[in-house]
Structure formats: C-alpha cells, structure tokens
Enquirer: 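Just dropping this structure here.
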Amino acid sequence: MTEKKTGMPGVFVRNRHLLILTIFMLMVAGLSALVTLPRIEDPRISTRNATIITPFPGASASRVEALVTEKIEERLRELSEIKTLESKSRGGTSVVNIELQDWVSTSDNEQIFSKVRDRLADAVSDVPEGAGNPAFDDKRGAVAYSMILSLSWHAEGTRELGILNRLAESLGDRLRSESVHRGAS
C-alpha cells in the first residue's frame, strides 16, 4: 500500500511540471526585484551648509569682526540663495557659516558655491594686509558625530543595575544639555 502525500509538498512531488514552473517564477521575480531595487545603500545628501574660515594672526576678536568678518558677510548677503549667515569672530580667526535656501537643489549646489567662492575672492581685496585668504569648506555640512560610553560597577557587593542605569541616564542628559549649550554659544 502506498502512502498518498498530502499538503503543499505532496502537490510538488506528484507534479514535477508545477515544481519547475514555481521555481522558474520565483527566479524571475527575484531577478526583477534585483534589477528594480535601488543600488546605493546610503542616500545621497546634498550639501546645504558651508564654512568659511579666515585667519588673521595676532588680531583681537573685535578687530577680526570689524575688518574681516563683516567684510565677508557684506559680500555674501548679496546672494539670495543663502538662507542663513552666522559668524563667530575669535582672536585671530573669523568663522562664517552659511546655509542655502530650502529650494536649492543638488544640481544647483555647485553653481551657488561657485558664486560664493567668487564673492570670497572679491572680499580678499577688502580685508587688511596680514589676514589670510578665506578657506571655503563645503564638505563638512553632512557630518554627524557620535560618542559611545560605557559605565561599569566597581563597588563591593552585588551589582546594582538600577543605580547604574540612573547614572547612565544622568550622564546622557548632562552631555546632551552641554552640547546644546555649546551649539547655542
């Protein structure tokens, strides 16, 4: 007496043509998915931010502000494609950060950054002797930083994971609030 196979595996064992057809359809579906899925793992991020750093050795922060930073800002404010313009003047260094308008596309970035470079070249004639050439950096805009820390228990006795968890959360809160305060200053 032969046992009759039932269920899905039994159908494929009894009908070899159905098995071959199913395997063929799965292969076609897999190849189709492989061809139509995006190939890049990480999305392309258009750079919307740039930094301009100008050295002015030996100058005080107020002198750098008046003689370098303001001159660069005046030239850059003429560009309508710039959304925000923020600057910090320190002793010996001027740092100007720009952010492009939201409507600027990836294809427009290089043209706009070229305009910014042209304005910076014009601003070189406005800054005093002794100030260096402005360094334009448009590659840092899409950078993220992270820090991984761990805590371990070194006290005598059993490990108190509740206390360790509270300490870790407290440390995380302090670090986050410190980074927010640094970013605001």
Side-chain angles (χ1 to χ4, degrees), residues 34-152 165-185:
L34 186 65
V35 170
T36 59
L37 286 176
R39 291 201 187 332
I40 53 177
E41 187 175 310
D42 297 324
R44 296 193 189 277
I45 299 173
S46 61
T47 305
R48 310 186 67 68
N49 301 311
T51 303
I52 301 144
I53 301 172
T54 309
F56 193 6
S60 66
S62 59
R63 188 168 159 86
V64 169
E65 177 75 25
L67 298 176
V68 177
T69 306
E70 288 180 4
K71 305 291 184 184
I72 291 173
E73 285 179 343
E74 286 174 18
R75 295 290 184 157
L76 294 179
R77 280 197 182 98
E78 298 169 1
L79 297 174
S80 63
E81 295 90 352
I82 294 178
K83 179 180 179 179
T84 59
L85 188 64
E86 296 176 354
S87 63
K88 291 182 183 179
S89 298
R90 298 183 183 114
T93 306
S94 166
V95 179
V96 179
N97 294 310
I98 62 171
E99 179 184 357
L100 299 181
Q101 295 284 354
D102 295 332
W103 52 263
V104 173
S105 66
T106 305
S107 59
D108 298 335
N109 271 6
E110 282 307 312
Q111 290 175 333
I112 295 167
F113 285 155
S114 177
K115 287 181 186 179
V116 170
R117 286 184 189 95
D118 291 343
R119 300 295 165 123
L120 290 176
D122 295 342
V124 168
S125 62
D126 297 340
V127 298
E129 186 100 6
N133 288 332
F136 182 71
D137 184 6
D138 62 341
K139 303 299 181 207
R140 279 193 223 180
V143 175
Y145 299 98
S146 62
M147 179 187 305
I148 299 173
L149 300 173
S150 67
L151 298 177
S152 61
N165 186 32
R166 283 194 301 276
L167 288 172
E169 287 177 4
S170 173
L171 176 63
D173 291 342
R174 283 184 21 215
L175 290 172
R176 278 189 290 277
S177 68
E178 188 175 313
S179 71
V180 168
H181 291 302
R182 279 191 193 162
S185 61

Enquirer: Quick one: closest heavy-atom pair of Val96 and Ser87, and the distance?
Expert: CG2-CB, 4.0 Å

Enquirer: Hey, does the side chain of Thr93 reach the backbone of Arg90 with a donor-acceptor pair shorter than 3.5 angstrom?
Expert: no

Enquirer: Would a 4.5 Å heavy-atom cut-off, applied to side chains only, mark Thr54 and Lys71 as touching?
Expert: no

Enquirer: On a heavy-atom basis, which atom in Val68 and which in Val127 lie closest, and how many Å separate them?
Expert: CA-CG1, 4.1 Å

Enquirer: Taking side chain as C-beta onward, heavy atoms only, is Val116 less than 4.5 Å from Ile98?
Expert: yes

Enquirer: Applying salt bridge (charged side-chain N to carboxylate O under 4.0 Å, His left out), name anything that partners Glu78, two or more places apart in sequence or on another chain.
Expert: Arg119

Enquirer: Return the set of residues passing side-chain hydrogen bond (donor to acceptor under 3.5 Å, both in side chains) with Asn109 (not counting sequence neighbours), or none when no residue passes.
Expert: none

Enquirer: Quick one: list whatever passes salt bridge (charged side-chain N to carboxylate O under 4.0 Å, His left out) with Glu81, sequence neighbours left out.
Expert: Lys115

Enquirer: Got a sec, which residues hit ring pair (Phe, Tyr, Trp, His ring centres under 6.0 Å) with Phe136, two or more places apart in sequence or on another chain?
Expert: Phe113

Enquirer: Is there a side chain to side chain contact (heavy atoms under 4.5 Å, CB included) between Asp138 and Arg117? Walk through the geometry before answering.
Expert: CA-CA 11 Å; Asp138 62 341; Arg117 286 184 189 95; 3.5 Å; yes

Enquirer: Can you name the residues that form a salt bridge (charged side-chain N to carboxylate O under 4.0 Å, His left out) with Arg77, not counting sequence neighbours?
Expert: Glu73

Enquirer: If you define the side chain from C-beta out and look only at heavy atoms, does anything of Leu76 sit under 4.5 Å from Ile52?
Expert: yes

Enquirer: Taking side-chain hydrogen bond (donor to acceptor under 3.5 Å, both in side chains) as the test, write out the residues that go with Glu99, two or more places apart.
Expert: Thr84

Enquirer: May I have all residue pairs that pass ring pair (Phe, Tyr, Trp, His ring centres under 6.0 Å) and include part of residues 49-72, sequence neighbours excluded?
Expert: none

Enquirer: Do any pairs count as a side chain to side chain donor-acceptor pair (under 3.5 Å) and have a residue in residues 61-70, sequence neighbours left out, and if so which ones?
Expert: Ser60-Ser62, Glu65-Ser89, Thr69-Ser89, Thr69-Ser94

Enquirer: Test of understanding: with side chain to side chain contact (heavy atoms under 4.5 Å, CB included), list the residues that count as partners of Ser114, not counting sequence neighbours.
Expert: Asp118

Enquirer: Any non-hydrogen side-chain atom of Ile112 less than 4.5 Å from a side-chain atom of Leu79?
Expert: no

Enquirer: I'd like to check the side-chain hydrogen bond (donor to acceptor under 3.5 Å, both in side chains) partners of Ser170; sequence neighbours left out, ordered by chain and number.
Expert: none

Enquirer: side-chain hydrogen bond (donor to acceptor under 3.5 Å, both in side chains) for Asn97 and Thr51? Distances and angles first, verdict last.
Expert: CA-CA 5 Å; Asn97 294 310; Thr51 303; 3.0 Å; yes

Enquirer: Taking only residues two or more places apart in sequence, or in another chain, which ones meet Leu149 in a side chain to side chain contact (heavy atoms under 4.5 Å, CB included)?
Expert: Met147, Leu171, Leu175

Enquirer: Of all heavy-atom pairs between Pro57 and Gly130, which one has the smallest distance, and what is that distance?
Expert: CD-O, 3.5 Å

Enquirer: Among residues at least two apart in sequence or on other chains, which ones pass side chain to side chain contact (heavy atoms under 4.5 Å, CB included) with Asp102?
Expert: Arg48, Lys83

